[in-house]
Amino acid sequence: MTLIKSISGIRGTIGGRTGNTLNPLDIVKFTTAYATFIKGKKLVVGRDGRISGPMVRDVVCGTLVGMGYEVIDIGLATTPTTELAVRWHKADGGIIITASHNPTQWNALKLLDSEGEFLTAADGAEVLRIAEAEDFEYAPVEKLGHVVMDDTMNKRHVQSVLDLPLVDVEAIRARKFRVCADTINSVGGIILPELFKALGVTYEILNGGCNGQFAHNPEPLEKNLQGIMERMGKGGCDLGIVVDPDVDRLAFICEDGKMFGEEYTLVSVADYVLGASSGAAEGAYTVSNLSSTRALRDVTEKHGGHYAAAAVGEVNVTTKMKEVGAVIGGEGNGGVIYPESHYGRDALVGIGLFLSSLAQKGMTASELRKTFPDYQIAKNRIDLTPETDVDAILVKVKEMFAQDPEAQVNDIDGVKIDFPDKWVHLRKSNTEPIIRVYSEAQTMEEADAIGKRLMQVVYDMQS
């Protein structure tokens, strides 16, 4: 496995031969490049519960001290907590040490600007250029930086959720919810109990130790969540809550043990936000990426609002949200971005808004789920040879369906073809010779069929 370098940071596995993994030399180089780019004085560092976290933190913090920075080490913290901490500390940026939903052996550096948001594509590319050039200048000994510990950010994050006007703390407390949460033995096990206690929610935590020993594949997909689904099926809880290791993705499980649907985390929260104030949704915008469910568009238009699509990737979604002034947005992978709090995916914010919706409507989770349009998403892939010109293929697909009067074609990120009752999205992988094929319709059979139809179109082009 080689080190993966992208505009959002670096990612790799810990251990193995030098150059093939995320080793200390890589960490020093990219931390130095980032600090050189920022040209500031203060940076925040936070980490999830991974086994390699302390080692990576020590290297990152030591490098930043060598660059002359004041380092605010907030310790074990979620990705959204670290993002907020950058703003609260009025820092010049921040580094999140997390590989998000990747397995235990992975870790990564995610880079933030002074707003606590991920770097733009241009800024990320400049960091990569600086790293490759390795033209570094460290601080003289009398101007070395220092590390300041701050263990108050989790508490402040929880309070910031309680302070959001649409988080109805009184209604949640009155409902006396009982929840079960799977925190995958990472930082969710530290902060979610604090949120639940503050909201008056009775809770049970599965995999609550923050030791990095992930009890199952950490991506919050149904196939990985049989443990909590079985627990919910036994009864006694109103809602199951699942987060990934850095707590920026959120999935719910209904009181009967069935998945609420990861795609519907954002849909349900957006529906609540749009409907919270009479008339306020008229003309309001929501945003999600091109591979997310059409249900968000349907719900938005039901409230008299407008929907806008963005390219895949959190920074692309937040850029589009700012452009149109969206009241809420995110991604179909369970990522809720609520500008009233900050421009970053935040599971705590999503939990607060979702529980408020359930409490105000007096519904169970399964009853709430039935109020939304029901779509199914199929995911496929087309394996290609390394010499295949993927871009040329996508251009041909675009040109072919541009002639179809029933199809709307969007090429801001690969090619997405919208039909009246379904859609299919083809995206080029940046790391492998493959095209990812996402498709959605009212049944899984229809979704898979339209995806396979486009796959055959591509195969025919190569024959």
Side-chain angles (χ1 to χ4, degrees), residues 6-8 118 120-121 221 248-249 261-267 269-270 285-301 305-324 326 328-337 343 345 372-373 375-382 390-391 393-402 404 406-432 434-442 444 446-455 457-458:
S6 72
I7 58 173
S8 60
F118 290 117
T120 65
L221 303 176
D248 64 349
R249 289 175 61 176
E262 190 184 29
E263 288 282 337
Y264 285 81
T265 298
L266 174 59
V267 174
V269 172
Y285 271 89
T286 65
V287 173
S288 66
N289 69 43
L290 287 172
S291 290
S292 298
T293 179
R294 181 180 283 183
L296 179 62
R297 184 199 69 180
D298 294 350
V299 165
T300 302
E301 292 177 351
H306 305 291
Y307 168 78
V312 174
E314 182 173 333
V315 69
N316 296 318
V317 174
T318 56
T319 298
K320 176 61 72 171
M321 289 177 68
K322 293 174 184 177
E323 178 186 317
V324 300
I328 194 165
E331 299 181 284
N333 61 8
V336 174
I337 302 172
Y343 280 103
R345 297 184 304 190
F372 303 124
Y375 294 109
Q376 301 294 323
I377 290 182
K379 298 181 180 181
N380 291 287
R381 57 185 273 173
I382 304 171
V390 179
D391 292 324
I393 289 175
L394 294 178
V395 168
K396 290 180 181 178
V397 172
K398 173 190 170 183
E399 292 172 347
M400 177 184 298
F401 284 92
D404 187 335
E406 289 194 339
Q408 290 183 321
V409 179
N410 186 320
D411 64 352
I412 64 172
D413 183 8
V415 178
K416 182 175 182 179
I417 305 160
D418 265 299
F419 300 98
D421 58 346
K422 52 187 170 283
W423 58 259
V424 60
H425 185 199
L426 280 65
R427 293 188 69 236
K428 171 186 174 182
S429 170
N430 292 324
T431 58
E432 303 172 87
I434 65 173
I435 295 175
R436 302 191 187 280
V437 182
Y438 304 91
S439 50
E440 182 179 65
Q442 292 186 335
M444 184 58 76
E446 291 175 300
D448 195 53
I450 186 62
K452 296 287 176 56
R453 175 187 165 194
L454 265 292
M455 292 170 69
V457 167
V458 173

Original post:
Is any side-chain heavy atom of Thr318 less than 4.5 Å from a side-chain heavy atom of Phe118?
Top reply: no
Subject >> Smallest separation among heavy atoms of Val317 and Ala311, with atom names >> reply: CG2-O, 4.1 Å
Original post:
NZ of Lys379: more than 12 outside heavy atoms within 6.0 angstrom?
Top reply: no
Subject >> Sub-4.5 Å side-chain heavy-atom contact between Phe419 and Phe401 >> reply: yes
Original post:
Does Tyr307 offer a backbone N or O that forms a donor-acceptor pair with the side chain of Thr286 under 3.5 Å?
Top reply: no
Original post:
Heavy-atom distance under 4.5 Å between the side chains of Leu266 and Glu331, does that happen here?
Top reply: no
Original post:
At their closest point, which heavy atom of Met321 faces which heavy atom of Val287, and how far apart are they?
Top reply: CG-CB, 3.7 Å
Subject >> Leu426 vs Ile393 side-chain heavy atoms within contact, under 4.5 Å >> reply: no
Subject >> All side chain to side chain donor-acceptor pair (under 3.5 Å) counterparts of Glu446, not counting sequence neighbours >> reply: Thr443
Subject >> Side chain proximity check, Val424 to Arg453, heavy atoms < 4.5 angstrom >> reply: no
Original post:
Can you name the nearest heavy-atom pair linking Val336 to Val269, along with the distance?
Top reply: CG1-CG1, 4.1 Å
Original post:
Which heavy atom of Lys398 sits nearest a heavy atom of Val409, and at what distance?
Top reply: CG-CG1, 3.8 Å
Original post:
So does Lys452 pair up with Asp448, basic N to acidic O under 4.0 Å?
Top reply: yes
Subject >> Side-chain donor or acceptor of Arg294 paired with backbone N/O of Lys422 under 3.5 Å >> reply: yes
Original post:
Hey, which of Glu406, His425, Glu440, Gln408 is the one that makes side-chain contact (heavy atoms from CB on, under 4.5 Å) with Asp418?
Top reply: Gln408
Original post:
Is the shortest distance from a Lys or Arg side-chain nitrogen in Glu399 or Lys396 to a carboxylate oxygen in the other one below 4.0 Å?
Top reply: no
Original post:
Between Ile417 and Val397, is any pair of side-chain heavy atoms under 4.5 Å apart?
Top reply: yes
Original post:
Do side-chain atoms of Tyr264 reach the backbone of Pro373 as a donor and acceptor pair under 3.5 angstrom?
Top reply: yes
Subject >> Contact check, side chains of Lys428 and Asp391, non-hydrogen atoms, under 4.5 Å >> reply: yes
Subject >> Heavy-atom pair of closest approach, residues Ile412 and Ala309 >> reply: CD1-O, 4.0 Å
Original post:
NZ of Lys416 to CG of Asn289: how many Å apart, nearest 0.5 Å?
Top reply: 8.0 Å
Original post:
Atom CG of Leu394 and atom CD1 of Ile435: how far apart are they, to the nearest 0.5 Å?
Top reply: 5.0 Å
**OP:** Kindly indicate whether the side chain of Ser429, heavy atoms from C-beta on, has any atom under 4.5 Å from the side chain of Arg436.
**Re:** yes
Subject >> Under 3.5 Å donor-acceptor, Ser292 side chain and Gly332 backbone >> reply: yes
Original post:
Is Asn316 reaching over with its side chain to a backbone N or O of Ala310, donor-acceptor style, under 3.5 angstrom?
Top reply: no
Subject >> Inter-residue atom distance Ile377.CD1 - Trp423.CH2, 0.5 Å rounding >> reply: 4.5 Å
Original post:
Which heavy atom in Asp248 sits nearest to a heavy atom in Arg345, and how many Å separate them?
Top reply: OD2-NH2, 2.8 Å
**OP:** Measure the OG-CG distance between Ser288 and Asn333 for me, rounded to the nearest 0.5 Å.
**Re:** 10.5 Å
